[in-house]
Every structure is written in C-alpha cells, then in structure tokens.
Amino acid sequence: MPTVALYAGSFDPITNGHTDLIRRSLGFVDRLVVAVAVNVAKQPLFNTDERVAMIGQALADETRVEVKSFQGLLVNFARANGVRMIIRGLRAVSDFEYEYQMALMNRHLAPEMETVFMIPSLDTTHVSSSLVREIARYGGDVSSLVHPAVVAALKSKYTTDA
Ligand code: COA
C-alpha cells in the first residue's frame, strides 16, 4: 500500500517554508495531497484557484504532489481522500501549543488519523505567508522567500489593487 499524507493550510501564498516541508515529506511518503483551505477565518489575499495554481507552479517538478482545495473539517477531507496521515510543520516552540491542541482535536474527531510533525529548514523558520504579503505590499523583495511565480502574482496583485 502506498503511503499517502495530507498537508493542509491556507497557503496565502505558498512560501519556500511550505515547499521545504513538502519536499522533505516526500522523503518518506509516496504521495502527498496539498490541501488548500477555502473557509479559513482569515480574509485571503488570493482566491482559492489562485492559491491552488501557485502551489502547482511552485511544485511543478514534483509529480507525487496533488493539490486540492477543501471546505469544512480537515479530517473529513482526509477520510474522503483515503488519507490517515496529516503532516504539520513546527517552526518554533510558539507553534507547539496550537499544533498540539489541533492534533489532539483531530484525533478526537478521527481516531485513526495520525499527525506527523516535521521541523522545517532553519532558513525558513521565520517565514510566514502574512509577513510575505506585508513585505510585498510595501514593495520589499520577497524573491528569496517564495517561488518566482508567487513573486509575480504578488506584484500584479498589489499593482492592480493599488
Ligand atoms: N513555512 C512557512 N510558513 C509556515 C509554515 C512553514 N513550514 N508552516 C506554517 N506556516 C505559516 C502559514 O503560512 C501561516 O501563515 P499566516 O498566518 O501568515 O497565514 C501560519 O504559519 C499558520 O499556518 P497554519 O497553522 O498551517 O494555518 P493555516 O491557516 O495555513 O491552516 C488549517 C490551518 C487550514 C490547516 C486549519 O485551520 C484546518 O485544519 N482547518 C480546517 C477546519 C478544521 O478541521 N478545524 C478543526 C481543527 S482541529
């Protein structure tokens, strides 16, 4: 049986931190479903299709990655896709409490679901989507933090919306 895992988030937009984690996870899973959350409490800059498309561009070389969007509970989406492993990244100690609670709650909802925590590369631990958006909004250089397709998308978003 191939090992399939799920990596979910809002990916608004996908950063090099996310891709680092995705590529690392492919070291021990056969296939990874990257799941873009539609209904997050956050007001996204990019719509769902845009977020899905950027992930596809950032990971165009990874044939074992499938990008999908989902609404509702993560565990329901995982079950519908036959997935029992949820990948999460722990960038810093501050991530731990929230992640711990979410992992236990997901287990409460779906006891067969296992959350696997990974440590991203040190040079991406300070990266987050909101910081990337903020830097781009004020014309800062984000080219070392995100894929070139994301740099272009941010540029056109902020130029269009200005
Ligand atoms: N590298 C860089 N940035 C990272 C990262 C990494 N390895 N891991 C996380 N981040 C960033 C994200 O970009 C995000 O940045 P932002 O707050 O600036 O947007 C931040 O860290 C938080 O990430 P995350 O915890 O993954 O939140 P999220 O909003 O991206 O995704 C869901 C959260 C969608 C996975 C979660 O809300 C969910 O499962 N929702 C479905 C509903 C559900 O099932 N709820 C019950 C859960 S018990």
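Whatever order the structure lists them in is the order used to number ligands and atoms, beginning at 1.
How far CZ of Arg133 is from CZ of Phe46: 9.0 Å, rounded to the nearest 0.5 Å.
The proximity of Leu74 to ligand 1, defined as any non-hydrogen pair under 4.0 Å, involves the side chain as well as the backbone.
In plain terms, the two heavy atoms of Ile87 and Ala5 that are nearest each other are CG1-CB, 3.7 Å. Nearest heavy-atom pair, Ala8 versus Leu74, reported as atom, atom and distance to 0.1 Å: CB-CD1, 3.3 Å. The heavy-atom pair separating Val4 from Val83 by the smallest distance is O-CG1, 3.6 Å.
Glu97 CD: 12 or fewer foreign heavy atoms inside a 6.0 Å radius.
Within ligand 1, the atoms closer than 4.0 Å to a non-hydrogen atom of Ser128 are 3 (N), 15 (O), 18 (O), numbered from 1 in the order shown. Those atoms of ligand 1 with a heavy atom of Ala37 less than 4.0 angstrom away are 34 (C). Atom numbering of ligand 1 starts at 1 in the shown order; those under 4.0 Å from a heavy atom of Gly72 are 41 (C), 42 (C). Set against the non-hydrogen atoms of Gly9, the atoms of ligand 1 under 4.0 Å away are 30 (O), 31 (O). Residue His18 has at least one heavy-atom neighbour below 4.0 Å for each of these atoms of ligand 1: 1 (N), 3 (N), 4 (C), 5 (C), 10 (N), 12 (C), 13 (O). When each atom of ligand 1 is checked for a heavy atom of Met102 under 4.0 Å away, the hits are 47 (C), 48 (S). Residue Arg88 approaches ligand 1 through these ligand atoms, each under 4.0 Å from one of its heavy atoms: 24 (P), 25 (O), 26 (O), 35 (C). Atoms of ligand 1 lying under 4.0 Å from at least one heavy atom of Met105, given by number and element, are 48 (S).
Taking a 4.0 Å cut-off on heavy atoms, Asp12 fails to register as neighbouring ligand 1. In this structure, Tyr98 is part of the shell of residues with a heavy atom less than 4.0 angstrom from ligand 1. Judged by the shortest distance from any of its heavy atoms, Ala41 lies outside the 4.0 Å radius around the atoms of ligand 1.
Transitive grouping of hydrophobic side chains (ILVMFWY, heavy atoms separated by less than 4.5 Å) keeps Met54 and Phe70 in distinct clusters. Ile14 and Leu26 fall within the same hydrophobic cluster, defined by Ile, Leu, Val, Met, Phe, Trp and Tyr side-chain heavy atoms under 4.5 Å apart, directly or through other members.
The closest donor-acceptor contact from the side chain of Asp30 to the backbone of Thr3 lies under 3.5 Å. In this structure, Arg107 contributes its side chain and Thr115 its backbone to no donor-acceptor pair below 3.5 Å. In terms of modelled atom types and a separation under 3.5 Å, the side chain of Glu50 and the main chain of Asn47 share a donor-acceptor contact.
At least one N/O-N/O distance between Ser130 and ligand 1 falls below 3.5 Å. For ligand 1, the polar-atom distance check finds no N/O of Gly89 at less than 3.5 Å from any of the ligand's N/O atoms.
Ranked by closest heavy atom to atom 6 (C) of ligand 1, the top entry among Gln101, Arg24, Arg91, Gln71 is Arg91. For atom 19 (O) of ligand 1, the choice among Glu99, Lys42, Arg107 with the nearest heavy atom turns out to be Lys42. Among Ser10, Gly17, Ala103, Pro44, the residue whose heavy atom sits closest to atom 7 (N) of ligand 1 is Gly17. Looking at Leu109, Leu45, Asn106, Leu131 and measuring to atom 48 (S) of ligand 1, the nearest heavy atom belongs to Asn106.
Of the charged side-chain nitrogens involved, none lies within less than 4.0 Å of a carboxylate oxygen, so that Asp20 and Arg91 do not count as a salt-bridged pair.
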